[in-house]
Amino acid sequence: MRLIILAGLVTVEKTAGAVELGQYFARAGQIVTILDHASRIPVDAEGLGGVTLIRLEGGLQASLSLTLAGLSSDIVILAASESLPPDDLFLLLDDLRSQILSLEMQTIALIDTRTCDCFPQFRVTLESCADAVVRLPVAAGEFIEVVV
């Protein structure tokens with residue numbers, strides 16, 4: 001199973017990116033699940049085109065590994081809450097790696113270059129710990145190129 005984690009302070013771009021990625025992988029014949037943990041604006045369930053959507057409420061520590069254990073998806077996309085501190089997220093992901101050894105993980109930091117100076121410590125952590133960084137705004141299609 002491949003887990004793609006979308007992290008950062010942005011919400012709209014994160015949930016839209018999760019849907020865009022989900023549809024991309026579903027069109028390629030993959031079984032895809034989106035785990036929606038966004039705080040402000042949930043993923044829109046309309047038009048997912050064969051992508052399963054699961055809403056995760058509250059903290060991820062208790063729910064993420066249990067949820068992943070119950071899935072038979074090829075690709076799982078986690079839209080992590082923008083209120084989850086990056087340090088906490090990366091510690092959680094390290095624990096998850098040790099629990100599920102076969103899990104392939106990829107973290108994508110979404111950095112809004114229009115407002116990134118509001119929380120510079122979050123930006124530094126995201127940029128230094130994520131596997132890839134997407135600087136917003138981004139043109140359609142560029143987001144998928146970074147992940148794939």
Side-chain angles (χ1 to χ4, degrees), residues 1-26 30-46 48 51-139 142-148:
M1 176 185 302
R2 180 177 175 192
L3 175 63
I4 301 168
I5 303 98
L6 304 181
L9 296 174
V10 297
T11 303
V12 173
E13 293 89 344
K14 189 184 304 174
T15 57
V19 170
E20 184 179 351
L21 284 172
Q23 291 172 337
Y24 172 83
F25 287 113
Q30 302 287 320
I31 300 168
V32 182
T33 299
I34 295 175
L35 301 179
D36 178 13
H37 187 245
S39 296
R40 289 188 23 232
I41 302 168
V43 172
D44 186 2
E46 295 298 317
L48 287 178
V51 175
T52 301
L53 176 64
I54 297 173
R55 176 80 183 144
L56 298 177
E57 299 286 345
L60 283 179
Q61 291 78 3
S63 63
L64 186 56
S65 63
L66 290 174
T67 301
L68 290 173
L71 295 176
S72 59
S73 300
D74 301 311
I75 306 286
V76 177
I77 302 162
L78 170 63
S81 172
E82 57 280 3
S83 64
L84 179 62
D87 290 334
D88 293 349
L89 174 63
F90 289 109
L91 284 174
L92 170 71
L93 295 176
D94 284 343
D95 287 344
L96 191 61
R97 271 190 190 95
S98 66
Q99 293 172 19
I100 308 172
L101 299 176
S102 64
L103 190 63
E104 177 188 338
M105 262 191 249
Q106 180 182 19
T107 54
I108 310 297
L110 303 177
I111 307 291
D112 188 341
T113 57
R114 301 162 292 193
T115 61
C116 61
D117 295 332
C118 295
F119 300 96
Q121 71 281 12
F122 279 20
R123 179 180 181 175
V124 168
T125 301
L126 287 168
E127 288 178 336
S128 63
C129 295
D131 296 313
V133 175
V134 174
R135 300 186 194 300
L136 304 170
V138 63
E142 287 181 45
F143 182 70
I144 289 176
E145 289 177 20
V146 169
V147 176
V148 177

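In this text the structure is predicted, and so the values were computed from the model without any measurement.
Minimum heavy-atom separation, L64 to L96: CD2-CD2, 3.7 Å. Of all non-hydrogen atoms in I41 and A38, the two that sit nearest each other are O-CB, 3.6 Å.
Judged as a side-chain contact (heavy atoms from CB on, under 4.5 Å), and not counting sequence neighbours, the contacts of S63 are L56, L60, T67. Taking the side-chain hydrogen bond (donor to acceptor under 3.5 Å, both in side chains) definition, one finds that E82 meets it with T11, sequence neighbours left out. Under the salt bridge (charged side-chain N to carboxylate O under 4.0 Å, His left out) criterion, D94 pairs with R97, sequence neighbours left out. Every residue meeting the salt bridge (charged side-chain N to carboxylate O under 4.0 Å, His left out) condition with E57, not counting sequence neighbours, appears here in chain and number order: R55. For R135, the salt bridge (charged side-chain N to carboxylate O under 4.0 Å, His left out) partners two or more places apart in sequence, or in a different chain, are E127. Among residues two or more places apart in sequence or in another chain, the side-chain hydrogen bond (donor to acceptor under 3.5 Å, both in side chains) test is passed with T107 by D131. For S83, the side-chain hydrogen bond (donor to acceptor under 3.5 Å, both in side chains) criterion is met by S39, S81, not counting sequence neighbours. Residues that satisfy the side-chain contact (heavy atoms from CB on, under 4.5 Å) test with D95, not counting sequence neighbours, are Q99. Here A132 pairs with I108, V146 under the side-chain contact (heavy atoms from CB on, under 4.5 Å) rule; sequence neighbours left out.
Put simply, SG on C129 and CG on L93 are 10.0 Å apart, with the number rounded to the nearest 0.5 Å. Taking CG of L136 as the start and NZ of K14 as the end, the distance is 10.5 Å to the nearest 0.5 Å. Atoms CD1 and OG1, on I34 and T15 in that order, are 9.0 Å from each other to the nearest 0.5 Å.
Under the 3.5 Å distance criterion, the side-chain polar atoms of H37 are left unmatched by any main-chain donor or acceptor of G59.
Two residues are said to be in side-chain contact when any heavy atoms from C-beta on lie closer than 4.5 Å; F90 and L126 meet this criterion. The closest side-chain heavy-atom distance from L68 to L103 is below 4.5 Å.
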Donor-acceptor pairs under 3.5 angstrom involving side-chain atoms of residues 1-10: please list them, not counting sequence neighbours.
from : atom 1 : to   : atom 2 : distance (Å)
R2   : NH2    : Q106 : OE1    : 2.5
R2   : NH2    : V147 : O      : 3.0

N/O donor to acceptor pairs below 3.5 angstrom from side-chain atoms of residues 69-78, sequence neighbours left out:
from : atom 1 : to  : atom 2 : distance (Å)
S73  : OG     : T33 : OG1    : 2.6
D74  : OD2    : I31 : N      : 2.8

